[in-house]
Amino acid sequence: MDTVELARYLIGKVVVHDIPEGRVSGRIVETEAYPIGDPAGNAFRGKTARNRSAFLERGHAHVYLVYGSSFLLNVASEATGVGAGVLLRALEPLEGIDLMQRSRDSACLTDLARGPGRLTEAMQVNFTQDGADLCAAGPLWLAAPPRDTGAIGRSVRIGLTRNVDPQWRFYERGNPFVSGPKRLRV
DNA sequence: AGTGCGATTGACT
DNA sequence: GTCAATCGCACTA
């Protein structure tokens, strides 16, 4: 499975974070792929302290900061040393909704984890989880889908200035927790 | 040492 | 719909 396939595969899976206050979890409803050799990917220009976790074995968390304020959660997607990932852009909250509301200081359910920066804030993900193995026992992990996954839509990625053409964004169609444009562009 | 720029968000018209 | 805040990091000199 390559990076783009993984981005599609992750739709409907569940992110779980066990924190001292309890458990928060949510269904993944929107992802973006940043594959090998993608000029928009932050691993493109080689390994640095900032992106080193993107070079870990597939399934490890890569957390980094953009715009000085938003943490973004990626899943490393290729073999060790390659450098590629899948960005988790939106979740449908499942467990610990009250904790998410407190973390986000918002009561609106659809706003809790709609957007990559909001997602990490709701899930209390930050540099502490950078490099964590999401497929192993640990506070932050990926779980199986709780129900059948709906039809999956596809579009260009959001917010990029480089390599904007490929349709490497995936989302569950009709799901109210998806951010951004929901239309299919072919 | 200085500069420019985001895989965004929240506030505002 | 538009727009600016914000700051760590990569890059240049």
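Residue numbering restarts at 1 for every chain, and letters A, B, ... go by the order of the sequence lines.
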Could you tell me whether [X] and [Y] have a side-chain N and a carboxylate O separated by less than 4.0 Å?
X	Y	answer
A:Arg102	A:Glu21	no
A:Glu92	A:Arg147	yes
A:Glu121	A:Arg104	yes

Rounded to the nearest angstrom, tell me the gap between atom [atom1] in [X] and atom [atom2] in [N].
X	N	atom1	atom2	result
A:Arg50	C:dC7	CZ	P	14 Å
A:Asn42	B:dG6	CG	P	13 Å
A:Arg118	B:dA7	CZ	C1'	15 Å
A:Arg45	C:dC9	CZ	P	17 Å
A:Tyr34	B:dG6	OH	C1'	11 Å
A:Glu121	C:dT6	CD	C1'	15 Å
A:Asp105	B:dA11	CG	P	10 Å
A:Asp111	B:dT8	CG	P	16 Å

Given [options], the nucleotide with the shortest approach to the side chain of [X]:
X	options	answer
A:Leu87	B:dT9, B:dA7, C:dA10	B:dA7
A:Ser70	B:dG10, B:dT9, B:dA7	B:dT9
A:Thr161	C:dC9, B:dT9, B:dG6	B:dG6
A:Leu65	C:dC11, C:dC9, C:dG8	C:dG8

Handout entry: Sugar-phosphate, base or nothing in reach of A:Arg162, heavy atoms under 4.0 Å
Key = nothing
Practice task
Using a heavy-atom cut-off of under 4.0 Å over every strand shown, decide if A:Arg157 touches base, sugar-phosphate, or nothing.
Solution key: nothing
Exercise for the section: Kindly say whether the aromatic ring centers of A:Phe71 and A:Phe127 come within a distance under 6.0 Å. Expected result: yes
Exercise for the section: If B:dC12 has a Watson-Crick or G-U wobble mate with both distances under 3.5 Å, name it; if not, just say none. Expected result: C:dG1
Handout entry: Nearest heavy atoms of A:Gly46 and A:Asn51, plus distance in Å
Key = O-ND2, 3.0 Å
Handout entry: Upstream residue (5' side of DNA chain C) when A:Phe127 and A:Ser69 are each assigned their closest nucleotide
Key = A:Ser69
Problem - A:Tyr67 aromatic ring stacked with six-membered ring of C:dA5, 5.5 Å and 30° - result: no
